[in-house]
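Here the structure is a predicted model, which is why all the values come from computation and not from measurement. We use all heavy atoms of the structure for the numbers below, so side chains are in, but hydrogens, waters and symmetry mates are not.
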Amino acid sequence: MEWIILFFLGLFSGVVGSLIGLGGGIIIVPSLLFLGTYTDWISNVTPQITVGTSSLVIIFTGLSSTLMFMKHKTVDYISGLLFFIGSAPGSIIGAMTNKYLNAEEFSLYFGLFMIFISFTLMIRGKLKPVPASTSRFRISRTNVDVKGNTDTYSFNIFFGIFISFVVGFLGGIFGIGGGSLMVPAMLLIFRFPAHIAIATSMFLIFLSSTVSSYTHFTLGNIDWLIAIALIPGAWIGAKLGAIINQHLKAETLVKVLRVTLILIGIRLIL
């Protein structure tokens, strides 16, 4: 019974994670904590085990959805690799910091973090993007998708790396791959188009989760049986989410992201 539940949990997390660029960790982490605390289906699920296992699973979510987004040409590889320069060391430090949090602290901080990001997205229209300046450290990107739509945006390289370091750190602590912060950061700070932000976030999640999960592996924070049960559903769900993503308007995606973050944040705090 628990294997079926974990499969569908992986499926749901993959769909949500790929649809709005969160990687699925924000579904897996609180769900495993709930199942480990209030049911006897799984046992010995500490925040550390939950985060480590989630980090491993969202490698496959990130890879599966990235392969789908590649077909639609919405992945910005250059920006993703630049962000990875910051997120890689951030993921390692975050994964090592996680061991200092107990279950109550983890749920509280994670819940507040989710709600903060959601409210930030609500006021994103009133925020001005950070100037990329005209210096040589400014990078401009132009993306043309399979439908012929062209989008142009730019950002300061060093500021982008700094933001991605913070994202990687939080992703390493919470086991969410950093997507829950990277997508809002790209939307709010750098004014990425929503579809490109989500696709690029999944590419970054794949890279950074590989680093953080290896760190959790060395710390013994992965439950392999739970991961094996989650991965098939997460792989399939990520493909479905990427397909659905291409048929939704950008503002619809942002609304889905806001509601999802608020609901999960409140559940964690309670």
Side-chain angles (χ1 to χ4, degrees), residues 17 20-26 29 47 51-52 54-55 58-59 62 76 78-101 105-124 127-133 137-139 141 153-192 196-198 200-216 254 257-258 261 264-265 268:
I20 50 183
L22 303 186
I26 63 166
V29 172
V51 169
S54 173
S55 296
I58 58 181
I59 291 176
D76 185 342
I78 299 299
S79 296
L81 290 172
L82 285 173
F83 293 146
F84 181 61
I85 294 174
S87 68
S91 297
I92 295 173
I93 297 173
M96 296 177 68
T97 304
N98 171 270
K99 64 182 179 180
Y100 298 106
L101 297 178
E105 292 173 335
F106 180 86
S107 295
L108 176 61
Y109 296 150
F110 193 16
L112 292 173
F113 173 67
M114 294 291 99
I115 293 175
F116 167 75
I117 295 301
S118 180
F119 278 106
T120 302
L121 283 172
M122 289 183 183
I123 62 172
R124 71 189 185 101
L127 299 176
K128 296 180 179 180
V130 176
S133 78
F137 302 118
R138 171 181 178 271
I139 180 172
R141 303 293 299 149
Y153 47 95
S154 62
F155 60 92
N156 183 284
I157 295 176
F158 289 109
F159 188 65
I161 292 174
F162 169 75
I163 291 294
S164 61
F165 173 84
V166 176
V167 165
F169 176 75
L170 294 172
I173 287 182
F174 295 130
I176 54 177
S180 59
L181 183 59
M182 199 64 221
V183 172
M186 285 191 280
L187 292 174
L188 294 170
I189 301 176
F190 305 126
R191 289 297 196 267
F192 273 57
I196 297 176
I198 290 171
T200 305
S201 171
M202 295 308 297
F203 174 56
L204 179 61
I205 283 171
F206 164 63
L207 297 176
S208 60
S209 294
T210 302
V211 174
S212 63
S213 64
Y214 176 76
T215 305
H216 282 294
V254 174
L257 174 59
R258 290 203 312 253
L261 293 178
I264 294 176
L268 281 168

**Check against side chain to side chain contact (heavy atoms under 4.5 Å, CB included), Phe83 and Val167** = CA-CA 9 Å; Phe83 293 146; Val167 165; over 6 Å; no
**Message:** Less than 4.5 Å apart, side chain to side chain, heavy atoms only: is that true for Thr210 and Leu207?
**Reply:** no
**Prompt:** Does any non-hydrogen side-chain atom of Met202 lie less than 4.5 Å from one of Ile205?
**Reply:** yes
**Prompt:** How long is the gap from CZ on Phe192 to OG on Ser154, to the nearest 0.5 Å?
**Reply:** 9.0 Å
**Asked** Which atoms form the tightest heavy-atom contact between Ser55 and His216, and what is the distance?
**Response** OG-CD2, 3.7 Å
**Request:** Using atom types as modelled and distance alone, determine if a side-chain donor or acceptor of Ser209 lies under 3.5 Å from a backbone N or O of Phe206.
**Result:** no
**Message:** Using a 3.5 Å distance criterion without hydrogens, assess whether the side chain of Ser164 forms a donor-acceptor pair with backbone atoms of Ile161.
**Reply:** yes
**Message:** For Ser213 versus Ile59, what's the shortest heavy-atom pair and its separation?
**Reply:** OG-CD1, 3.0 Å
**Spacing of Leu204 atom CG and Met186 atom CE [to the nearest 0.5 Å]** = 7.0 Å
**Request:** Starting at CG of Leu81, measure out to OG of Ser87 and round the result to the nearest 0.5 Å.
**Result:** 10.0 Å
**OG1-CD1 distance between Thr215 and Ile92, expressed to the nearest 0.5 angstrom** = 4.5 Å
**Request:** Quick one: pull up OH in Tyr153 and CD1 in Ile139 and give me the separation to the nearest 0.5 Å.
**Result:** 9.0 Å
**Prompt:** Out of curiosity, Asp76 CG to Phe203 CZ, how far, rounded to the nearest 0.5 Å?
**Reply:** 9.5 Å
